[in-house]
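First up is the structure itself, then whatever we jot down about it.
Order of the sequence lines fixes the chain letters, A, B, ..., with proteins taken first and strands second; residue numbering starts at 1 for each chain.
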Amino acid sequence: MVPRKVSFRPRDTHASASWEGSVTDETKAGPRIERYQPGLIEAKWQARWNERGLYDIPDQSDKPNYYFVTMFPYPSGDLHVGHWYAITPSDCAARYLRMRGHNVLFPMGFDAFGLPAENAAIQKGIHPSDGTEQNMANMRRQFRMMGTMIDWRREVVTCHPDYYRWNQWMFLKLFEKGLAYRDTAPVNWCPKDRTVLANEQVVNGLCERCDSPVEKRDLTQWFYRITAYADELLRHDGLDWPERVRVMQENWIGRSEGAEMEFAVEGHPGATVRFFTTRPDTIYGATFMVLAPEHPLVPTITAPEQQAEVEAYVARARAASDIDRTAAEREKTGVATGAYALNVFTGERIPIWIADYVLAGYGTGAIMAVPAHDERDFAFAQRFGIAIREVISVDGRTHGDLREAYTGPGSLVNSGPFDGQPSETAKKAIAEDAARHGIGGPKVTYRLRDWLISRQRYWGTPIPIVYCDACGTVPVPEQDLPVELPYDVEFRPGGDSPLTRKDSFVNVACPRCGKAARRETDTMDTFVDSSWYIYRYPNPRHDRAFIDRAAAERWLPVAKYTGGIEHAILHLLYARFMCKAFRDMGELWFDEPFVQLRNQGTIVFKGRKMSKSRGNVQAPDQYVQRYGADSLRLFMMFMGPWTEGSDWDPAGLEGTWRFLNRVWTTALTPVDAGPRDPALDGLVQRTIKKLTDDLAEYRFNTAVAALMELTNELLHAAGPSRTDGIRALVLLLAPMAPHLADELWERIGGTSSVHEQAWPAYDEAAARPKTVTLVVQVDGKVRDRIEIAAGAGEDGARAAAAQSHKVSAALAGASVVRAFHVPDKLLNLVTK
RNA sequence: GCGGAAGUGGUGAAAUGGCAAACACAGCAGAAUCAGAGUCUGCCGCCCCUUAUACGGGCUUGGGGGUUCAAGUCCCCCCUUCCGCACCA
């Protein structure tokens with residue numbers, strides 16, 4: 001049984017033997033009109049566009065170039081409703097710009113490396129390469145079914161060697177510049193995916209992909225030095241980006257200004273504790289220090305009598321997951337090391353503790369603790385009975401026992417020579433004083449970590465490095481690229497990457513000395529692949545460089561970029577970093593890859609984000625079959641504001657389907673003779689204006705509504721105004737419903753394709769209504785609505801209002817003391 | 001906890017400080033039809049007046065206050081939801 005909500009009449013819009021005979025009588029007296037059959041029309045126009053190369057975009061034409069990119073998909077095998085929601089409105093916006101007179105490149109490709117393909121290999125025995133190729137073939141078919149204006153000649157596929165060889169080349173360039181390096185660090189390990197992850201790919205302690213709790217492991221891994229660009233990445237000057245994304249990037253980079261200093265450890269000559277603080281002004285209140293449990297100094301400085309307790313605490317901290325350790329509002333724990341540091345400013349010896357509220361990964365993994373002016377230090381000091389000394393005071397006096405930490409500004413007290421200084425100036429003064437004493441100085445710290453790019457998996461770009469016992473870490477020479485991923489490998493559940501077991505891959509002669517050496521078996525994070533694909537679209541087959549500069553200079557940077565908000569700090573930050581790094585190498589000529597960014601909202605199904613891994617994707621195919629791609633495209637745009645996202649409920653699809661049927665009927669019903677209709681002419685002009693503005697701003701929903709209103713009027717109109725209105729309607733509909741528009745364009749006698757027509761122009765004066773409804777209020781309450789000629793002044797409006805008996809009745813006995821007139825809209829008469 | 005966005009009919013939603021609910025979905029009624037589907041027309045926030053209709057009137061954008069001739073829109077306080085950050089020194 002079919003549930004009622006989604007019960008559809010048996011209707012196959014695709015070709016059937018008898019379609020030519022199926023006609024309906026739409027008008028009482030008029031001739032019979034063919035039924036709107038999207039299946040036939042869409043197949044016809046997709047084939048014709050293809051034959052004519054309508055979307056083969058030249059690099060140069062008589063029109064200005066415009067580079068419009070929407071994020072390319074992972075080839076999961078099917079374009080689901082979420083993809084349609086992301087892609088078809090973007091396609092509409094690109095088509096609109098094309099009609100506005102731009103030479104618009106709207107390319108597509110596949111982010112084709114990644115774990116799902118490899119997991120399928122392990123579980124189902126499908127080779128990632130074969131599975132991915134099959135998936136891409138199906139998705140290309142689906143893309144054509146959508147009616148997109150993609151220039152497929154420029155398709156980019158990241159898992160093909162002619163793409164990833166440049167990924168490897170870029171790695172070598174970054175390595176040369178010291179921007180790619182190998183280091184041992186505590187890293188995030190996903191036990192389910194059996195690979196390390198970048199910080200950006202860990203969300204609340206869980207793997208971004210599979211939601212498994214992430215473990216910390218000390219591993220030697222490859223990093224891209226994104227932190228070298230931290231300050232520049234903080235700036236979004238000149239970018240037309242959503243504020244939200246900018247804020248997310250700023251938070252992620254997390255710049256803080258302060259000072260780094262070091263205190264000597266008592267009884268350990270040469271040993272110092274380096275720490276970062278944003279409040280050097282409070283240093284006279286530092287009554288203890290705290291090291292992260294993982295801090296390398298801990299074993300050295302721990303006093304013998306504290307050793308057992310310290311070791312136990314460190315072991316516990318290491319075992320705890322990040323989620324447990326960072327749980328908010330957790331009670332403070334910690335252990336004294338028994339060691340003391342010397343606060344050079346106060347000359348006091350202060351105890352050194354370890355506690356897990358200090359993070360190994362931030363700053364130096366050590367802090368000076370100022371309980372009087374930091375909430376966390378306050379809680380810790382209270383719990384362990386450590387001295388709390390006030391050094392910042394709002395009123396310049398000291399106050400004895402503090403009940404809570406004071407974290408605001410004030411003037412310094414108990415701070416020796418700095419007493420009386422405002423805290424803001426003292427920050428700088430004390431940091432500089434520290435520099436004079438040779439124990440540190442001003443310092444800026446970031447939360448952003450370098451980008452961990454190596455993955456212990458097969459289906460990715462091999463990292464072009466060879467390890468030689470004699471020569472060490474040796475980059476693969478450029479001329480030996482690509483380092484090809486071997487096809488013939490064995491996939492096993494769990495364990496290492498298949499590459500580590502592939503002797504013919506691993507064993508290699510050292511490029512430097514020729515002796516036996518071993519290849520790096522890690523592959524690159526797939527976010528590396530997608531961090532530069534936009535440079536490849538202009539000429540994806542260029543084999544001399546990662547970018548065909550001659551072609552790319554005509555397009556780059558990307559004028560409009562659309563995609564999901566989930567990439568705010570992942571893809572978008574990485575892509576900006578790569579752009580800047582290669583700009584500094586002279587390979588790119590612009591500072592930012594994406595001039596304008598817009599995020600579509602998320603389309604959810606029953607409250608959950610649609611994704612293949614969650615198993616709740618909704619297939620568009622049945623809807624395309626029943627209503628056609630044009631109806632579905634239109635519905636994607638009509639559901640609500642595109643940037644807000646929506647719950648997937650196909651019920652409303654019936655509305656856009658009916659609308660397109662009305663357009664069809666209206667456009668093909670012969671027009672009776674009649675006089676011009678100035679009111680309809682005005683509506684046509686206003687609709688053109690509305691569509692022009694709305695499509696430029698991605699306000700698809702109100703644009704569709706305006707076309708519906710126009711169509712509802714045209715339905716009952718006659719004469720030349722109707723003919724002109726239909727022509728405008730077909731042109732305005734073209735970016736949204738490209739197949740239907742082209743069919744109607746042909747049938748109403750248009751030449752070539754509707755997609756090669758200019759966007760209709762409008763005349764501001766003609767768009768203004770000739771008669772308007774004047775709302776007359778008395779004391780702010782609506783009393784009457786009067787039709788008057790547009791352009792009447794206040795006197796005219798008041799004269800018209802005086803004629804209204806409803807207004808007179810409301811004014812009975814009262815005298816008008818003031819009047820407010822909004823021309824052509826409203827008159828508010830205010831009485832005593 | 002900090003930062004941001006949002007809260008409007010049965011539903012999706014619309015509204016440069018100037019007629020709240022455009023445009024649709026669902027629903028109801030009618031036309032046409034042997035009948036259904038599709039199509040077309042009308043109704044479709046709440047309350048009151050009225051036997052009922054017609055005609056009227058009042059209220060209504062999460063709650064409370066304010067600014068204004070006029071507030072969904074601006075300001076203040078509160079509630080709720082969603083998103084981001086979250087022991088970041």
Side-chain angles (χ1 to χ4, degrees), chain A residues 4-5 9-11 24-28 35 203-204 242-245 247-252 254-256 258 275-279 282 290 292 325-332 355-359 361-370 373-377 379-380 445-448 565 568-569 601-602 635 638-641 643-647 649-656 658-659 661-662 665 699 701-709 711-712 715-716 773-785 806 817-831:
Chain A
R4 219 171 128 264
K5 270 273 179 190
R9 289 161 305 289
R11 180 203 294 132
T24 65
D25 291 350
E26 291 294 349
T27 52
K28 284 173 196 121
R35 193 151 52 91
V203 179
N204 296 326
E243 176 68 16
R244 192 166 157 220
V245 176
V247 168
M248 281 167 76
Q249 293 200 340
E250 282 159 20
N251 286 343
W252 185 257
R255 184 180 200 271
S256 29
F275 58 91
F276 174 74
T277 178
T278 54
R279 294 295 303 272
T282 63
V290 187
R325 279 184 62 172
T326 57
E329 305 302 317
R330 207 165 136 259
E331 206 176 353
K332 296 276 175 291
D356 64 5
Y357 80 91
V358 173
L359 308 174
Y362 186 78
T364 61
I367 61 162
M368 68 168 197
V370 183
H373 305 291
D374 180 281
E375 284 161 20
R376 296 150 301 176
D377 299 343
F380 194 87
T445 295
Y446 302 90
R447 208 180 75 107
L448 180 72
I565 187 78
I569 54 165
T602 310
F635 182 54
F638 187 58
M639 286 193 292
T643 50
E644 300 295 312
S646 187
D647 248 304
D649 177 6
L653 188 48
E654 193 68 35
T656 52
R658 286 206 277 251
F659 164 61
N661 274 282
R662 271 201 301 279
T665 311
R699 290 189 299 255
N701 55 330
T702 50
V704 175
L707 289 186
M708 288 174 166
E709 283 184 73
T711 305
N712 290 343
L715 202 52
H716 304 292
T773 305
L774 182 77
V775 172
V776 184
Q777 298 180 330
V778 175
D779 293 326
K781 284 187 193 289
V782 178
R783 293 303 173 188
D784 203 1
R785 300 180 174 89
K806 288 182 188 169
V817 292
R818 286 176 77 185
F820 294 85
H821 181 235
V822 182
D824 294 345
K825 279 197 175 154
L826 177 133
L827 179 70
N828 187 11
L829 302 170
V830 181
T831 64

Of the listed nucleotides B:C59, B:A89, B:C83, the one nearest the side chain of A:K781: B:C59

Proximal nucleotide (of B:C23, B:C85, B:A89) relative to the A:V358 side chain: B:A89

Parallel, tilted or perpendicular, as decided by the 30° and 60° cut-offs, for the rings of A:F380 and A:Y357: tilted

Base of B:C69 and ring of A:F820 stacked, centres under 5.5 Å, planes under 30°: yes

Distance, P atom - from B:C76 to B:A20, rounded to whole angstrom: 26 Å

Out of B:U41, B:G58, B:C19, whichever nucleotide has its closest atom nearest the side chain of A:L826: B:C19

Donor on one side chain, acceptor on other, A:N712 and A:R662, under 3.5 Å: yes

Side chain of A:P641 (C-beta onward), nearest among B:A22, B:A26, B:A14: B:A14

Options B:A22, B:A24, B:C87, nucleotide nearest the side-chain atoms of A:M708: B:A24

Side-chain-base donor-acceptor pair under 3.5 Å for A:K332 and B:C87: yes

Under 3.5 Å donor-acceptor pair, A:R785 side-chain atoms to B:C19 base atoms: yes

Pairwise P distance, B:G84 and B:C74 [rounded to whole Å]: 25 Å

Candidates B:C85, B:A15, B:C40 - which lies nearest the side chain of A:I569: B:C85

Distance test, side-chain N/O of A:R244 to OP1/OP2 of B:G4, below 4.0 Å: no

Donor/acceptor link under 3.5 angstrom from A:N828 side chain onto base of B:C69: yes

Sugar-phosphate, base or nothing in reach of A:H373, heavy atoms under 4.0 Å: nothing

Between B:A13 (C1') and A:L653 (CG): distance, integer Å: 17 Å

Closest to the A:F276 side chain, choosing from B:A14, B:C83, B:A89: B:A89

Earlier contact from the 5' end, RNA chain B, for A:E709 and A:H716: A:E709

Short side-chain N/O contact to B:C19 OP1/OP2 from A:T773, under 4.0 Å: no

A:R658 side chain, from C-beta outward: closest of B:C19, B:C59, B:U39: B:U39

Distance below 4.0 Å between A:N712 side-chain N/O and B:A24 OP1 or OP2: yes

Closest-nucleotide 5' rank along RNA chain B - winner of A:V830 and A:N701: A:N701

Proximal nucleotide (of B:A89, B:G12, B:C85) relative to the A:L359 side chain: B:A89

